[in-house]
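In what follows, a structure is listed as structure tokens, so that the remarks can point back to it.
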Amino acid sequence: MVGFEQETEMLTEQLVTGPRELDLISIFGMPGLGKTTLAKKLYNHEAIYNRFDIRLWCCSSQSYDKRALLFQLLGLISELDDSTKNMSNDELAEKLYKHLKRKRYLIVVDDIWSHEVWDDIKRPFPDDDNGSRIILTTRLESIATYAMISSNPHHLRLFTEEESWMLMKEKVFKEDNYCPQEIEEIGKQIARKCGGLPLAVVLVAGLLAKHDHKKVIYWQDVAESLKSKMQGCMDIIESSYQHLPIHLKKCFLYFASFLEEQKVPVQKLIRLWIAKIFVEASTGSKSLEMVAMDYLMDLIRSNLVMVAKLNFSGELKAVHIHDLIHEFTLMKAKSGNFSLRIHDQCMIICPSSRGSSGRLNIVAPACEVSFGRNITTLRFSPSVNSPLVDLALTGSWKHLRVLDLSSVKLRKTLVDALQYLIHLKYSELRYSDYIPFPICNLTELQTFIVTGIYRKDCIPNSIWDMRSLRHLHISSIYACQLLQDLDNLITCSNLVIFPGVCYKKFMKRLPNLEKLSCRLYGSGRISC
């Protein structure tokens with residue numbers, strides 16, 4: 001096995017030494033990372049082979065069958081005669097327990113999917129204080145943590161580019177492991193495109209090994225069509241996706257609306273989920289944002305989403321997904337009519353239903369798209385040259401909940417049309433002109449983010465009448481005398497307070513504000 005040499009050495013040491021009582025080594029990580037392969041390497045390691053009286057390997061998988069698993073383990077110890085086959089599950093477990101009693105054993109339980117399965121299958125494993133060990137593999141961090149006895153769970157990392165290339169060479173060129181110089185560079189490029197996922201490397205190497213691996217043109221063709229050749233990876237990711245509860249499936253597929261390799265700001269992601277009504281209100285004291293963060297942590301623990309950035313205090317600031325997982329979200333979202341990506345302008349459209357009546361033209365430079373009117377999300381992702389957009393956001397867009405045009409320049413016609421989007425919950429815009437006075441018609445708006453406006457006369461005071469607002473972030477937002485409490489407002493930035501506005505009275509109208517950055521006129525910037 002190429003790669004994970006340090007991991008193998010460390011885990012072997014834990015298995016051979018460590019406490020005398022029964023201990024468990026759990027290996028967890030994203031699908032296709034090589035957890036089972038690493039477990040096999042440990043299982044067959046010379047130091048392990050000579051250490052234990054009994055070594056047993058069983059696979060749980062999503063389709064867990066306790067009886068089949070007990071037969072699997074007992075069959076490795078002795079022949080299964082008719083009397084054994086007629087035993088109840090409890091009798092089979094007792095028989096396994098007696099076989100293991102007073103022996104130093106190593107048992108690998110591969111691919112655990114739930115707490116209940118682990119609780120069920122661990123019972124026949126005695127602890128005789130003789131250094132017996134269990135290796136558990138799972139995609140779910142929650143399972144690895146739950147099953148922990150003494151040793152901490154081991155989170156398996158992605159391959160380095162060098163390890164990916166070494167593995168590809170070994171699989172393609174076999175014994176001689178020699179790569180002709182003319183294809184080495186394209187080979188390294190292919191290995192790099194696999195994103196450190198060993199399964200992807202092995203699948204691609206299998207394709208390359210089937211043909212004359214000295215033909216440069218074939219290797220170039222594989223490099224250009226790499227994602228289309230990854231069906232094996234997609235099937236494995238599918239199994240992880242199907243294991244998610246319904247509310248997490250929708251949140252996970254929303255990653256299709258971001259660009260490949262994009263580091264997604266956690267705050268923005270959570271606010272978009274809330275706007276799309278993916279987040280269910282808690283029966284307790286948790287806010288929607290706290291519930292959404294729990295959802296995100298569940299996706300991270302499932303190893304479908306990865307941490308991209310932490311701040312200095314360890315707070316999660318950005319996340320991302322592997323390229324192949326991103327490709328999976330695109331395929332799944334499109335097939336389920338969840339979203340559509342228009343590559344020319346990196347535009348994302350998320351329709352709410354397949355059979356929507358009427359058609360709508362969206363026009364941008366070099367991009368004209370006709371789509372149904374029942375659209376709930378419209379987002380332009382960042383591009384090098386921001387297009388100038390003119391969209392007829394009127395009655396045809398009445399179902400729009402999310403409008404993210406922060407990466408495009410807007411024509412004036414759009415500014416006035418905003419007032420008709422009465423179901424809008426999330427709006428992120430870039431202006432150079434003004435915000436229309438009737439903005440207060442958007443009574444459901446929860447997040448309002450505007451950049452490019454600094455003059456007071458361009459921002460109407462009616463913004464402070466929008467009682468559903470939870471997050472208000474404008475380049476400069478001016479305080480005024482509030483006539484009602486804004487109970488839902490949680491964050492506000494770039495607030496400017498001029499003389500004549502009583503700061504204390506103003507703040508009393510914002511009873512649930514958690515984060516504020518403001519500037520008192522004539523003084524420096526302060527944060528509360």
Side-chain angles (χ1 to χ4, degrees), residues 246-260 262 264-280 288 292 295-296 299 319 321 326 329-364 367 369-383 387 389-408 410 414 417-418 420-430 442 444-450 468 470-471:
I246 293 175
H247 66 279
L248 289 186
K249 285 181 179 178
K250 293 185 292 186
C251 295
F252 172 63
L253 288 186
Y254 205 76
F255 279 91
S257 70
F258 295 95
L259 296 179
E260 185 177 319
Q262 182 177 351
V264 182
V266 168
Q267 272 192 349
K268 180 168 186 170
L269 179 65
I270 283 176
R271 291 168 185 174
L272 288 169
W273 283 353
I274 293 172
K276 289 290 291 179
I277 321 181
F278 292 167
V279 181
E280 299 176 1
L288 288 172
Y295 287 8
L296 181 56
L299 287 173
V319 293
I321 58 176
H326 184 265
T329 64
L330 289 176
M331 292 167 48
K332 201 74 178 177
K334 185 176 181 180
S335 65
N337 201 42
F338 186 86
S339 71
L340 172 68
R341 175 185 291 275
I342 295 109
H343 290 282
D344 295 40
Q345 298 296 345
C346 304
M347 191 193 309
I348 309 301
I349 302 176
C350 297
S352 60
S353 64
R354 181 181 295 276
S356 53
S357 59
R359 309 300 292 175
L360 178 68
N361 287 324
I362 303 169
V363 182
C367 178
V369 181
S370 178
F371 208 79
R373 66 176 62 181
N374 219 14
I375 295 172
T376 60
T377 296
L378 176 62
R379 295 186 50 232
F380 277 72
S381 294
S383 58
V389 179
D390 190 0
L391 305 176
L393 301 179
T394 54
S396 298
W397 295 73
K398 62 182 179 180
H399 297 288
L400 205 65
R401 291 198 187 104
V402 172
L403 179 64
D404 182 2
L405 302 178
S406 57
S407 301
V408 298
L410 306 178
L414 173 61
L418 269 175
Y420 299 107
L421 307 181
I422 58 174
H423 297 299
L424 201 63
K425 293 181 179 294
Y426 181 103
S427 179
E428 188 169 356
L429 310 168
R430 185 175 69 171
L442 307 183
E444 296 185 22
L445 194 63
Q446 297 173 344
T447 299
F448 193 33
I449 302 173
V450 186
S468 294
R470 302 176 68 83
H471 308 283

Between [atom1] on residue [X] and [atom2] on residue [Y], distance to nearest 0.5 Å:
X	Y	atom1	atom2	answer
Leu253	Leu330	CG	CG	10.0 Å
Leu272	Phe278	CG	CZ	9.5 Å
Ile277	Arg401	CD1	CZ	4.0 Å
Thr377	Tyr254	OG1	OH	4.0 Å
Cys251	Leu296	SG	CG	9.0 Å
Asp404	Ser257	CG	OG	9.0 Å

Note to self: Is any side-chain heavy atom of Lys268 closer than 4.5 Å to one of Glu428?
What the structure shows: yes
Next item on the list: Would you please test Val319 and Phe255 for side-chain contact (heavy atoms from CB on, under 4.5 Å) and show each step?
Entry: CA-CA 10 Å; Val319 293; Phe255 279 91; 3.9 Å; yes
Margin query: Go through it in stages, so that I can follow the logic: the residues are Trp273 and Leu288, the test is side-chain contact (heavy atoms from CB on, under 4.5 Å), and I'd like the CA-CA distance, side-chain angles, deciding distance and then a yes or no.
Written below: CA-CA 10 Å; Trp273 283 353; Leu288 288 172; over 6 Å; no
Next item on the list: Check whether any side-chain N or O of His471 sits under 3.5 Å from a backbone N or O of Tyr426 as a donor-acceptor pair, and report yes or no.
Entry: no
Item checked: Which residues share a side chain to side chain donor-acceptor pair (under 3.5 Å) with His247, sequence neighbours left out -> none
Item checked: Sequence-distant partners of Glu280, side chain to side chain donor-acceptor pair (under 3.5 Å), two or more places apart -> none
Notebook entry, point to check: Which heavy atom of Lys425 sits nearest a heavy atom of Glu444, and at what distance?
Noted result: NZ-OE1, 3.4 Å
Next item on the list: List the atom of Ala292, the atom of Ile270, and the distance in Å for their closest heavy-atom pair.
Entry: CB-CG2, 3.5 Å
